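Inspection log for the structure reproduced underneath, given as structure tokens.
Not measured: the values here are computed from a predicted model. Index from 1, following the sequence.
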Amino acid sequence: MSYQHQYVDGTRIHFPVGKVVCIGRNYAEHAKELNNPVPTEPLLFIKPGSCVVPLQGGFKIPTDRGSVHYEAEIAVLLGKPLSARPSEEEVLDAISGFAPALDLTLRDVQAKLKEKGLPWEIAKSFDGACVIAPFVSASTFADLTDIDIRLTINGEVRQDGNSNLMLNPIVPMIQHMAANFALQAGDVIMTGTPAGVGPLNPGDELVLELPGTSSFSGNVL
Ligand code: ZN
């Protein structure tokens, strides 16, 4: 089954699914809950486009590699390429939409890699490690420093954040990413997770929202 980006009205997006560029520890309260220092420079990592799956209809998680943590994040879809040092206007012009998404993490595997100072790929890039709901058109959002993100599991709100809590706000974050490597149409930016991460279990019922603009549910199969 191949994933294709989609808007909330069901329209398919013609961009290919590119890479998923992620930022770690972008909310101070989340860095604190995992006993991580707040980085002085943005901490970036990349998931391959092949690990992206849709939320609707449910999604699978690995069951034999320790705990799988959810991280609810505001995902940004790029509709135009960005490279070198794009201006704020160029970044805003390149953003096609926003969606609630999950950056899934094999937390026990990641802890072992971190202990040894090794890269995180196998903890962050397994098949199905990025779960994305449909995108809401960027024109819906007047202020990128005021976007809510919420995750409810089995009826209980677990994560409830807002982009105003980001250590690196969306536009400067994307400028920093583009200064390090080229971004392309179809790439997705995962903007970090607020506090409240925890393990997922088969059977969990999730509601993932950008409150006020989009709300989608999906089960862990
Ligand atoms: Zn994350």
Side-chain angles (χ1 to χ4, degrees), residues 2-27 39 41-56 71-103 130-150 161-194 208-216:
S2 67
Y3 169 87
Q4 197 178 353
H5 294 312
Q6 195 177 318
Y7 283 119
V8 283
D9 65 0
T11 318
R12 300 271 170 186
I13 295 172
H14 61 272
F15 321 129
V17 179
K19 58 188 174 295
V20 180
V21 184
C22 307
I23 184 163
R25 304 171 199 170
N26 199 29
Y27 291 77
E41 200 183 321
L43 169 64
L44 306 184
F45 59 95
I46 292 178
K47 289 172 179 256
S50 56
C51 78
V52 179
V53 293
L55 172 70
Q56 321 90 279
E71 296 182 1
E73 310 198 4
I74 300 166
V76 181
L77 176 64
L78 295 185
K80 291 182 182 173
L82 291 170
S83 59
R85 298 192 178 276
S87 66
E88 186 178 340
E89 291 67 33
E90 286 170 320
V91 171
L92 290 171
D93 184 51
I95 295 176
S96 170
F98 296 90
L102 297 172
D103 166 16
C130 187
V131 181
I132 306 186
F135 284 90
V136 179
S137 171
S139 58
T140 306
F141 300 84
D143 182 0
L144 306 196
T145 62
D146 184 17
I147 302 176
D148 289 313
I149 171 82
R150 186 191 296 150
N162 184 289
S163 60
N164 64 13
L165 297 169
M166 290 179 180
L167 299 171
N168 301 277
I170 291 173
V171 171
M173 175 195 318
I174 294 174
Q175 286 176 308
H176 177 80
M177 288 168 173
N180 281 281
F181 36 76
L183 300 172
Q184 294 164 312
D187 285 357
V188 172
I189 312 299
M190 296 287 277
T191 57
T193 195
L208 197 49
E209 298 170 272
L210 299 182
T213 56
S214 100
S215 176
F216 285 89

query = Would F135 and S137 count as a side chain to side chain contact (heavy atoms under 4.5 Å, CB included) if you check the C-alpha gap in whole Å, the side-chain angles of each, and the deciding distance to 0.1 Å?
reply = CA-CA 6 Å; F135 284 90; S137 171; over 6 Å; no
ask   = Would V188 and K19 count as a side chain to side chain contact (heavy atoms under 4.5 Å, CB included) if you check the C-alpha gap in whole Å, the side-chain angles of each, and the deciding distance to 0.1 Å?
value = CA-CA 6 Å; V188 172; K19 58 188 174 295; over 6 Å; no
task = Go through the steps to decide whether L78 and I189 satisfy the test side chain to side chain contact (heavy atoms under 4.5 Å, CB included), and finish with yes or no.
result = CA-CA 8 Å; L78 295 185; I189 312 299; 4.3 Å; yes
request  = Starting from the C-alpha separation in whole Å, work towards a yes-or-no answer on side chain to side chain contact (heavy atoms under 4.5 Å, CB included) for R85 and Q175.
outcome  = CA-CA 6 Å; R85 298 192 178 276; Q175 286 176 308; over 6 Å; no
task = Tell me, with the steps shown, if H5 and F15 meet ring pair (Phe, Tyr, Trp, His ring centres under 6.0 Å).
result = CA-CA 8 Å; H5 294 312; F15 321 129; 7.5 Å; no
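With values rounded to the nearest 0.5 angstrom, E73 atom CD is found 9.5 Å from I23 atom CD1. Separating the CD1 atom in I132 from the CZ atom in F216 is a distance of 13.0 Å, to the nearest 0.5 Å. To the nearest 0.5 Å, atoms CG (N164) and CG (L144) are separated by 12.5 Å. Residue Q56 holds its CD atom at 6.0 Å from CD of Q6, rounded to the nearest 0.5 Å. From D187, atom CG reaches atom CE of M177 across 10.5 Å, with rounding to the nearest 0.5 Å.
Between the side chains of N168 and N26, at least one donor N or O lies within less than 3.5 Å of an accepting N or O. Y7 and S96 share a donor-acceptor pair across their side chains, judged by distance under 3.5 Å alone.
A pairwise comparison of heavy atoms in A133 and A99 identifies O-CB, 3.3 Å as the closest pair. Residues T145 and S163 approach most closely at C-OG, 3.2 Å, considering heavy atoms. In terms of heavy atoms, S214 sits closest to P100 at OG-CD, 3.4 Å.
The shortest distance between side-chain heavy atoms of L183 and V21 falls below 4.5 Å. Within the 4.5 Å cutoff, the side chain of I147 has no heavy atoms near those of the N162 side chain. Using a 4.5 Å cut-off on side-chain heavy atoms (C-beta onward), L77 and I95 make no contact. M190 is not listed as a side-chain neighbour of E71, based on a closest heavy-atom distance of 4.5 Å or more.
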Considering only distance and modelled atom types, tabulate donor-acceptor pairs under 3.5 Å from the side chains of residues 43-53, sequence neighbours left out.
residue : atom : partner : partner atom : Å
K47     : NZ   : D103    : OD1          : 2.7
K47     : NZ   : L104    : O            : 3.1
K47     : NZ   : K124    : O            : 2.7
K47     : NZ   : A129    : O            : 2.8

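The ring-ring contact (aromatic ring centres under 6.0 Å, His included) analysis of residues 72-99, with sequence neighbours excluded, yields the pairs F98-F141.
The side-chain hydrogen bond (donor to acceptor under 3.5 Å, both in side chains) search around E90 returns S87, not counting sequence neighbours. A search for side chain to side chain contact (heavy atoms under 4.5 Å, CB included) contacts involving S83 returns A182, not counting sequence neighbours. With sequence neighbours left out, the side-chain hydrogen bond (donor to acceptor under 3.5 Å, both in side chains) criterion links T140 to no other residue. With sequence neighbours excluded, the residues that form a side chain to side chain contact (heavy atoms under 4.5 Å, CB included) with A72 are L102, I149, L151, Q159, L208.
The side-chain contact (heavy atoms from CB on, under 4.5 Å) test with T11 singles out one residue from V8, D9, I13, and that residue is D9.
A donor-acceptor pair is defined here as one N or O able to donate and one able to accept, closer than 3.5 Å; no such pair exists between the side chain of S215 and the backbone of E209.
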